[in-house]
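Data first, discussion second: the structure below is written as structure tokens.
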Amino acid sequence: MERKMAPSLMCIDLMNIEHDLRLLEKAKVDYLHIDIMDNHFVPNITLSFDFIHGLRKITSIPLDIHLMINNPENSFHYLKNCNPEDIICIHYEATTHVHRALGMIKDLGAQVGIALNPGTPIGVIEDLLPDLDSVLIMTVNPGFAGQKLIPSTLDKIARLRNMLDESGYQNILIEVDGNVSFENAKLMHEKGANIYVGGSSSIFHKESSIIENCHKFREIIYS
Ligand code: DX5
Ligand code: ZN
């Protein structure tokens with residue numbers, strides 16, 4: 001089963017980005033999770049497309065771009081120079097024409113991801129499976145780091161894993177995002193998650209170093 005670590009850069013020390021980025025490189029993380037918010041789809045603004053352009057100049061770690069913006073298809077022109085390993089993930093709830101938007105991501109040459117808010121049932125993506133490389137299960141309500149896991153989302157991971165396997169789409173990866181703590185990562189792993197977004201309660205946990213946290217996180221998701 002694929003297991004990938006994706007540190008959430010909205011939780012990084014923004015005053016020491018390059019320093020901490022080199023630690024993430026040393027820890028061999030699989031993706032850099034980049035939260036882009038528009039203060040409309042979610043009540044917050046975090047990282048930006050300019051941040052992405054700057055990041056590409058200093059690291060080759062693939063980007064896992066989580067777009068928490070309305071009508072994301074209107075912003076894809078900012079993501080033209082993505083690489084094939086990058087994930088561009090839009091929210092199912094953020095556009096009327098989700099199938100068309102997913103096709104536009106594919107045309108950009110990136111991996112195609114869709115995110116579901118905690119209240120959105122997994123059934124809504126049934127007719128999108130042929131167009132997907134990953135499904136992101138929000139395990140908190142999107143918009144802020146430091147929130148607490150919504151317990152019912154654990155079962156949702158298992159139900160999605162079952163739905164994908166039963167319908168012949170077992171290669172679609174499940175990403176989990178929101179309070180993916182060391183303890184919760186273990187539970188999510190048992191439910192069938194593949195890509196783990198580590199934020200303030202794990203990879204960027206203040207009580208230990210990024211290197212120690214990544215080591216502990218990797219041990220858990222590979223257990
Ligand atoms: C929340 C973002 C998450 C967040 C995770 O909307 O999508 O990536 O940064 O932060 P923690 O791990 O602290 O919940
Ligand atoms: Zn995110």
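Counting starts at 1 for both ligands and their atoms, following the listed order. Residue numbers run from 1 in the order of the sequence given.
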Q: Could you tell me whether Asp131 and Arg100 make a salt bridge, using a distance below 4.0 angstrom between a side-chain N and a carboxylate O?
A: no

**Q.** Any donor-acceptor N/O pair, Asn83 side chain to Glu85 backbone, under 3.5 Å
**A.** yes

Q. Considering only heavy atoms from C-beta outward, does the side chain of His189 approach that of Ile220 to under 4.5 Å?
A. no

Q) Which pair of non-hydrogen atoms, one from Ser167 and one from Met163, has the smallest distance, and what is that distance? A) OG-O, 2.5 Å

Q | Residue and atom, protein N/O/S, under 2.8 Å of the Zn ion (ligand 2) | A | His33 NE2, Asp35 OD1, His66 ND1, Asp177 OD2

**Q.** Verdict with reasoning, Glu212 to Lys216, per salt bridge (charged side-chain N to carboxylate O under 4.0 Å, His left out)
**A.** CA-CA 6 Å; Glu212 287 164 331; Lys216 188 173 171 184; over 6 Å; no

Q | Sequence-distant partners of Phe49, ring pair (Phe, Tyr, Trp, His ring centres under 6.0 Å), two or more places apart | A | Tyr78

Q.
Please check: side-chain N/O of Lys156 versus main-chain N/O of Pro118, any donor-acceptor pairing under 3.5 Å?
A. yes

Q.
Are Leu63 and Ile87 packed together at the side-chain level, in the sense that at least one heavy-atom pair is separated by less than 4.5 angstrom?
A. no

Q: Go through the structure and list residues passing ring pair (Phe, Tyr, Trp, His ring centres under 6.0 Å) with His33, not counting sequence neighbours.
A: His66

Pairs under 3.5 Å, nitrogen or oxygen of ligand 1 with protein nitrogen or oxygen:
from     : atom 1 : to     : atom 2 : distance (Å)
ligand 1 : 6 (O)  : Gly143 : N      : 2.7
ligand 1 : 7 (O)  : Asp35  : OD1    : 3.0
ligand 1 : 7 (O)  : His66  : ND1    : 3.2
ligand 1 : 7 (O)  : Asp177 : OD2    : 2.9
ligand 1 : 8 (O)  : Ser8   : OG     : 3.3
ligand 1 : 8 (O)  : His33  : NE2    : 3.4
ligand 1 : 8 (O)  : Asp35  : OD1    : 3.4
ligand 1 : 8 (O)  : Asp35  : OD2    : 2.8
ligand 1 : 8 (O)  : Asp177 : OD1    : 2.7
ligand 1 : 8 (O)  : Asp177 : OD2    : 3.3
ligand 1 : 9 (O)  : Ser8   : OG     : 2.9
ligand 1 : 9 (O)  : Asp35  : OD2    : 3.2
ligand 1 : 13 (O) : Gly146 : N      : 2.9
ligand 1 : 13 (O) : Ser200 : N      : 3.1
ligand 1 : 13 (O) : Ser200 : OG     : 2.4
ligand 1 : 14 (O) : Asn179 : N      : 2.8

